[in-house]
Amino acid sequence: MLEDTYCYGLDLSWDTALLSRYNTRTKEPEPVCFGKDNQELAMPVLLSRRVSDGGWLYGAEAARGAAHGEASAASGLLKGVLEGGQIVLSEENLGAEFLMEEYLRYILSLIRQSGGGSITMLAVTLPEDAGRAKIPLAGIFSRLGLAGRVLFLSHTECFMRYIVNMKPELWMNDTALFACDGTHFYYDRVCFARKRQLQPVLSERRDFTREYYGGGICGEEAERKSYWFYNMVMQQLSSQPVSSVFVTGAGFADGWAMDALKKLCDGRRVFYGQNLFARGACYAAAMHRAEQEFIFLGEDMTREDIMLKAYHDAREQYFVLSQAGSDYREVKRTLRFILDDTNEIEFLVDHVMRREPLHEVMILDHLMQRENKTVRLELSLFYVDRDTPVVQIRDIGFGREKTTYRIWEQVL
């Protein structure tokens, strides 16, 4: 990691914010506390305006002012930003983005007060279903002077950064995360592929939101919920080599799962806490410009390198079409080439979890007969979803040679 003094991680959820600062001496994130006495680890995402003079109040102080009738409060800031809506404050309609900017300006002032006069990198993680808020939030941070210094990550991506900074014995095998944030309940299994120079770190998810919330389990007594949770966890881990289990989220805050967590300690390490994502984001900020040892493959990241076998400069070469770790939605590769006495195209597909790459052959059947080296084709590669790469070949003709504009398509 780089010896950056001013790297921060911000976990901005629907209702609270958690902030961590990277300590270059200990190589660990440490919490940035809120409140007048600097004792509050979480700050409510709440803003209020004093009735007396119109001054702003933030977090817990804003809540106290509103409770005493001394201020008018605005909540739901992140939801408002996501929806692009207005929030009523002191009988005035104000843009949610404007209010969020005022709230984040205060957060940045706390960072500067904690010693981070010049922020090198701020990594921000958002809750499930809030990904679309990245664009307006990036605009806010840019206006606040952090253009190019803000990194957005999912909770899973933060967890992966957190894990690789722990002691190696905690991730000798797979690692499990169970997260419950009040609206979602999911399980992420993080595993490692060790065959490459850059070690791939992958996550696989199972969603239990419908079962937990829709099935009514969340409304059960603590003992029944703990019983369900323990059996669900054991079922997920029964055939997996899991070294450690992490449990986090506001949905666990009242301690109903503690009995289950004690039982899970048999044969594995179990960790429970609410600042995991803020710490993971902080590690991500510190790692961002450092030389990488890992390639992090989140939910939307491709799992394989795809290459086209071709002859160039009188020798056989492989041209990279897509690399593992790319957002599948952004993979749109196009190139043109000429066939040389063949109707077959060969691809090398190297999946990070396979020991050997696969050679995939695409046969261009019913190819129009023409002189050799006068068949010019256009190749397009795109993904239908993260695990479904599709290659499309189109006959585009060659000079005056006729073309059929025929299209071939194959899933690799």
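Heads up: numbering here begins at 1 and tracks the sequence. Note that this is a predicted model, so its numbers are computed, not measured. What you see below is based on every heavy atom in this structure, not just the backbone, and it leaves out hydrogens, waters and symmetry mates.
The local environment of CD in Glu293 is sparse, with at most 12 non-hydrogen atoms from other residues, nucleotides or ligands closer than 6.0 Å. Within a 6.0 Å radius of CZ in Arg333, other residues, nucleotides and ligands contribute more than 12 heavy atoms. More than 12 heavy atoms of other residues, nucleotides or ligands shown are found within 6.0 angstrom of CD on Glu316. Heavy-atom contacts from other residues, nucleotides or ligands closer than 6.0 Å to CZ of Phe271 number more than 12.
Side-chain polar atoms of Glu30 and Tyr22 form no donor-acceptor pair below 3.5 angstrom. For the residue pair Asp188 and Thr156, a side-chain donor N or O sits within less than 3.5 Å of a side-chain acceptor on the partner. In this model, no donor atom of one side chain and acceptor atom of the other lie less than 3.5 Å apart for Asp15 and Ser13. If you check the side chains of Trp14 and Asp181, you find no donor sitting under 3.5 Å from an acceptor.
When every heavy atom of Met287 is checked against every heavy atom of Asn165, the shortest pair comes out as SD-ND2, 3.4 Å. Considering every non-hydrogen atom in both Asp385 and Tyr383, the closest pair reads O-CD2, 3.2 Å. Residue Thr120 comes nearest to Cys7 through the heavy atom pair CB-SG, 4.3 Å, listed as atom of the first residue, atom of the second, then distance. Of all heavy-atom pairs spanning Ala133 and Val81, the tightest one is CB-CG1, 4.4 Å. For the residue pair Leu57 and Ala62, the shortest heavy atom distance occurs at O-CB, 3.5 Å. Between Met160 and Val201 the shortest heavy-atom distance is SD-O, 3.5 Å.
Within the structure, the ring-ring contact (aromatic ring centres under 6.0 Å, His included) test picks out no pair touching residues 324-349 (sequence neighbours left out). Within the structure, the side chain to side chain donor-acceptor pair (under 3.5 Å) test picks out the following pairs touching residues 241-258 (sequence neighbours left out): Asn173-Ser243. Evaluation of the side chain to side chain donor-acceptor pair (under 3.5 Å) test over residues 128-138, restricted to residues two or more places apart or in two chains, returns Glu128-Arg205, Asp129-His184.
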* Kindly indicate, with the supporting measurements, whether the criterion salt bridge (Lys or Arg N to Asp or Glu O under 4.0 Å) is fulfilled by Asp395 and Arg406. => CA-CA 5 Å; Asp395 185 351; Arg406 184 177 177 85; over 6 Å; no
* What do the steps show when you test Met100 against Leu12 for side-chain contact (heavy atoms from CB on, under 4.5 Å), and what is the final call? -> CA-CA 11 Å; Met100 179 61 84; Leu12 184 64; 4.3 Å; yes
* To do: In sequence, state the C-alpha distance, the side-chain angles, and the governing distance for Glu221 and Lys225, and then conclude on salt bridge (Lys or Arg N to Asp or Glu O under 4.0 Å).
  => CA-CA 6 Å; Glu221 295 180 355; Lys225 285 199 295 184; over 6 Å; no
* To do: Please assess Glu223 against Trp228 for the test side-chain contact (heavy atoms from CB on, under 4.5 Å), listing each intermediate value before the final yes or no.
  => CA-CA 9 Å; Glu223 185 176 352; Trp228 169 84; over 6 Å; no
* **Verdict with supporting geometry, Arg161 and Leu153, side-chain contact (heavy atoms from CB on, under 4.5 Å)** => CA-CA 10 Å; Arg161 268 73 170 186; Leu153 303 101; 3.8 Å; yes
* Evaluation steps, side-chain contact (heavy atoms from CB on, under 4.5 Å), between Ile135 and Phe152 -> CA-CA 10 Å; Ile135 294 176; Phe152 289 97; over 6 Å; no
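Every side chain to side chain contact (heavy atoms under 4.5 Å, CB included) that Ala73 has, sequence neighbours left out, goes to Leu46, Ser48, Ala66. Under the rule for a side-chain hydrogen bond (donor to acceptor under 3.5 Å, both in side chains), Asp266 has no partner lying at least two apart in sequence or in another chain. Under the side chain to side chain contact (heavy atoms under 4.5 Å, CB included) criterion, Ala74 pairs with Leu77, Ile87, Leu89, Leu99, not counting sequence neighbours. Scanning for ring-ring contact (aromatic ring centres under 6.0 Å, His included) contacts around Phe159 gives Phe246, with sequence neighbours left out. Contacts of Phe208 classified as ring-ring contact (aromatic ring centres under 6.0 Å, His included), with partners at least two apart in sequence or in another chain: none. Residues forming a side-chain hydrogen bond (donor to acceptor under 3.5 Å, both in side chains) with Glu409 (at least two apart in sequence, or on another chain): Gln392. Every ring-ring contact (aromatic ring centres under 6.0 Å, His included) that Phe319 has, sequence neighbours left out, goes to His312. For Cys218, the side chain to side chain contact (heavy atoms under 4.5 Å, CB included) criterion is met by Tyr212, Tyr213, not counting sequence neighbours. Under the side chain to side chain contact (heavy atoms under 4.5 Å, CB included) criterion, Asp259 pairs with Ser226, Lys262, sequence neighbours left out.
The closest donor-acceptor contact from the side chain of Asn275 to the backbone of Ala278 lies at 3.5 Å or more, if one exists at all. Listed for the Arg354 side chain is no donor-acceptor partner under 3.5 Å among the backbone atoms of Asp350. Here the side chain of His288 pairs no donor or acceptor atom with the backbone of Leu151 at under 3.5 angstrom. Looking only at distances, a side-chain donor or acceptor of Thr302 sits under 3.5 Å from a matching main-chain atom of Ser326. The backbone N or O of Ser154 sits less than 3.5 Å from a side-chain atom of Glu157, completing a donor-acceptor pair. A donor-acceptor contact shorter than 3.5 Å links the side chain of Asp305 to the backbone of Ala324. At distances below 3.5 Å, at least one donor-acceptor pair connects side-chain atoms of Ser238 with backbone N or O atoms of Gln235.
Under the 30°/60° scheme for interplanar angles, the aromatic rings of Tyr106 and Tyr58 are found to lie parallel. Classified by interplanar angle (parallel below 30°, tilted 30° to 60°, perpendicular above 60°), the ring pair Phe229/Phe178 is perpendicular.
A cation-pi contact links Lys263 to Tyr230, judged by a cut-off of 6.0 Å to the six-membered ring centre and 45° from its axis. Cation-pi geometry between Arg49 and Trp56 is met: the NZ or CZ atom falls under 6.0 Å from the ring centre, inside 45° of the normal. No cation-pi contact links Arg149 to Phe141, judged by a cut-off of 6.0 Å to the six-membered ring centre and 45° from its axis.
In summary, Arg386 and Glu204 engage in a salt bridge, as defined by a charged side-chain N under 4.0 Å from a carboxylate O.
When each of Ile396, Leu335, Ile345 is paired with Leu377, the side chain to side chain contact (heavy atoms under 4.5 Å, CB included) condition holds for Ile345 and for no other.
Counting only heavy atoms from C-beta outward, the side chains of Ile140 and Glu97 approach each other to under 4.5 Å. Counting only heavy atoms from C-beta outward, the side chains of Met43 and Tyr103 approach each other to under 4.5 Å. Leu321 is listed as a side-chain neighbour of Leu379, based on a closest heavy-atom distance under 4.5 Å. The shortest side-chain heavy-atom distance between Arg269 and Val245 does not fall under the 4.5 Å cut-off.
In this structure, CH2 on Trp408 lies 8.5 Å from CD1 on Ile393, to the nearest 0.5 angstrom.
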